[in-house]
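Sequence lines set the chain letters: A, B, ... in the order given, protein chains first and strands last, and positions in each chain run from 1.
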Protein chains: 2
Amino acid sequence: MLLYQEIRDYLFTLIAQDKTLKKLPSERELQEHFNSTRITVREALMRLEVEGIIYRQNRKGWFICPPRLEWNPVNKVNFYQLAKEQSFDANTRLVSIDCAALVGEKNQTITSAFSLNNHAEFYQICRVRSLDHRPVMVEEIYCQAEHFHGLAEKELTGSITAIFKDDYNVNVTAERSSIHVTALPESVAKLLHLNSGASCLKIIRQRFSQHKTLVDYNIEYWVHGAIEIKVDSY
Amino acid sequence: MLLYQEIRDYLFTLIAQDKTLKKLPSERELQEHFNSTRITVREALMRLEVEGIIYRQNRKGWFICPPRLEWNPVNKVNFYQLAKEQSFDANTRLVSIDCAALVGEKNQTITSAFSLNNHAEFYQICRVRSLDHRPVMVEEIYCQAEHFHGLAEKELTGSITAIFKDDYNVNVTAERSSIHVTALPESVAKLLHLNSGASCLKIIRQRFSQHKTLVDYNIEYWVHGAIEIKVDSY
DNA sequence: CAGTGGTCTAGACCACGAT
DNA sequence: TCGTGGTCTAGACCACTGG
């Protein structure tokens with residue numbers, strides 16, 4: 001039996017047995033307990049991290065993942081309602097809203113999704129969403145400035161879809177999502193108080209109006225271990 | 001700038017610049033190139049692994065991930081058709097088929113999904129699917145033995161859905177999928193020639209017949225970096 | 001056989017968090 | 001200030017792959 005496997009199994013059992021446990025012993029305590037080194041202890045911890053059982057907060061320690069939020073990308077349910085149904089305390093923090101043209105190679109994808117050139121101005125909204133005071137998702141929203149004058153003055157911690165509908169008469173009627181696994185980029189990790197390089201689900205959503213035009217382009221980074229996707233089809 | 005970040009960026013550029021590159025330099029070569037240690041080099045490699053850019057084959061080296069298969073869990077398209085549309089060479093290998101009662105705690109979930117007790121017999125099929133000769137998915141299929149007599153004698157490398165329909169007159173009409181990120185279990189990793197602990201997408205699919213009864217229970221492990229999920233909704 | 005990654009030891013210094 | 005994780009060094013032996 002490999003040593004890091006033994007440590008992993010020990011911690012796994014520890015977590016399974018004590019449902020009230022929130023935080024793991026420190027790396028140095030574990031090192032001593034197993035007469036080993038930090039490298040080996042960390043190997044075990046990183047396995048559990050990939051499994052979505054624990055996560056780390058930068059220099060604070062290793063914590064046990066609470067239950068996941070179940071999310072159906074097909075149902076257009078809003079975040080608060082979904083969280084409430086599953087007994088989570090949901091919260092949204094507006095990080096920034098800017099209005100500018102999109103430059104740079106990365107943004108090229110976005111402007112061309114709107115079939116626009118580099119001069120078009122976009123609102124860029126960045127928000128952090130939390131469940132039970134744990135930040136679990138960072139969202140970047142891009143939409144055309146000319147269609148949403150005054151958006152920056154709205155209350156942007158709730159449903160953007162509702163604002164589009166009520167204040168601008170734009171209905172989101174269709175949506176295309178693309179989902180894959182990747183690592184948290186540095187900037188996103190910082191907002192989540194996590195380490196860059198942690199595994200995450202990146203969801204790109206393009207939402208379309210009743211006129212079939214692209215309303216907004218969203219990039220969501222979900223903390224690995226905080227979400228479970230459910231899809232029904234008939 | 002952190003050293004492992006530098007190494008990561010160096011490799012990232014290397015991969016971006018040479019699209020024909022299949023395999024990375026060895027860990028010891030990189031260690032020498034950067035005047036560093038294997039631990040640090042491996043830190044960089046593991047970041048790229050989490051990002052889904054490279055993967056490793058047990059003791060063979062680090063390889064660059066080919067393009068991902070785009071998959072829509074809502075469309076009931078079969079694997080070969082999907083692969084062909086995206087110019088992949090698809091293949092399925094039957095690993096095992098058994099017929100037995102399901103015992104053990106892990107299997108409890110499965111029997112109860114069928115609303116059956118521990119004595120009910122199930123066919124258990126295990127298959128490995130490859131794209132362009134790279135194993136990318138392990139699939140475990142469970143279905144009630146009494147409904148599919150003689151299943152073990154069928155050709156099981158193609159579409160199971162087609163066999164259900166053509167040979168047993170059972171049509172899959174609805175499906176419920178649950179998707180989350182986790183680590184490859186040891187047994188699955190071995191079948192994929194990968195290391196246990198690598199990040200993967202675990203997809204659990206429950207498929208229902210025209211009579212609303214559960215036809216089969218599938219567990220799929222997709223190699224991280226081999227799949228991208230696309231969902232449309234209206 | 002030589003070369004690869006897999007695992008492990010025994011340290012070190014640093015930045016940041018909690019107090 | 002002290003404890004935490006974050007990063008890094010400089011080795012070691014082993015199991016397995018490939019020629």
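- For B/Asn195, a side-chain nitrogen or oxygen approaches OP1 or OP2 of C/dG6 to under 4.0 Å.
- Around CZ of A/Phe34, the count of heavy atoms belonging to other residues, nucleotides or ligands within 6.0 Å exceeds 12.
- One atom, CD1 of B/Ile7, and another, C1' of D/dT7, lie 12 Å apart when rounded to the nearest Å.
- With hydrogens and angles disregarded, a donor-acceptor distance shorter than 3.5 Å links the side chain of A/Asn107 to the backbone of A/Val103.
- No option in A/Met137, A/Glu140, A/Lys202 other than A/Met137 meets the side chain to side chain contact (heavy atoms under 4.5 Å, CB included) test with A/Glu220.
- Remark: P of C/dT7 and CZ of A/Phe34 are 17 Å apart, rounded to the nearest angstrom.
- Among A/Ile7, A/Ile54, A/Ile53, the single residue meeting the side chain to side chain contact (heavy atoms under 4.5 Å, CB included) criterion with A/Phe12 is A/Ile53.
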Could you go over nucleotides 16-19 of chain D and give all protein N or O partners under 3.5 Å, atom names and distances?
none

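- Residue pairs that meet the side chain to side chain donor-acceptor pair (under 3.5 Å) test with at least one member in residues 183-194 of chain A, sequence neighbours left out, are A/Glu186-A/Ser196.
- Within the structure, every side-chain polar atom (N or O) of B/Thr40 is placed at least 4.0 Å from both OP1 and OP2 of D/dT7.
- The shortest distance between the side-chain N/O atoms of A/Arg42 and the OP1/OP2 oxygens of D/dG6 is below 4.0 Å.
- Atom CG in A/Leu30 sits roughly 14 Å away from atom P in C/dT9 (whole-Å rounding).
- B/Arg38 places its CZ atom 12 Å from the C1' atom of D/dA10, with the value rounded to the nearest Å.
- Taking every side-chain heavy atom of B/Thr37 into account, D/dA10 is the closest of C/dC8, D/dT7, D/dA10.
- Looking at A/Leu201 and B/Ile179, their side chains never come closer than 4.5 Å, going by heavy atoms from C-beta outward.
- Using a 4.0 Å heavy-atom cutoff across all strands shown, B/Arg56 reaches sugar-phosphate atoms only and no base atom.
- One interatomic measurement links the two molecules: NZ of A/Lys23 to C1' of C/dG17, which rounds to 11 Å at whole-angstrom precision.
- One interatomic measurement links the two molecules: CG of A/Leu45 to P of C/dC8, which rounds to 14 Å at whole-angstrom precision.
- For the pair A/Tyr4 and C/dC8, the criterion of a side-chain N or O lying under 4.0 Å from OP1 or OP2 is not met.
- Interatomic distance, CD1 of B/Ile97 versus CG of B/Leu156, reported as 5.0 Å (0.5 Å rounding).
- Neither OP1 nor OP2 of D/dC8 sits under 4.0 Å from any side-chain N or O of B/Ser36.
- Judged by a 6.0 Å distance limit and a 45° cone about the ring axis, B/Arg127 is not positioned over the six-membered ring of B/Phe79.
- Spacing between atom CD of B/Gln31 and atom C1' of D/dA10 amounts to 9 Å, rounded to whole angstrom units.
- Residue contacts shown for A/Ile39 include a base, since a base heavy atom lies under 4.0 Å away.
- Remark: the A/Arg28 side chain and the D/dG3 base include no donor-acceptor N/O pair separated by less than 3.5 Å.
- When heavy atoms are screened at a 4.0 angstrom cut-off, A/Ser26 is found touching the sugar-phosphate backbone but no base atom.
- Spacing between atom CH2 of A/Trp62 and atom P of C/dG17 amounts to 17 Å, rounded to whole angstrom units.
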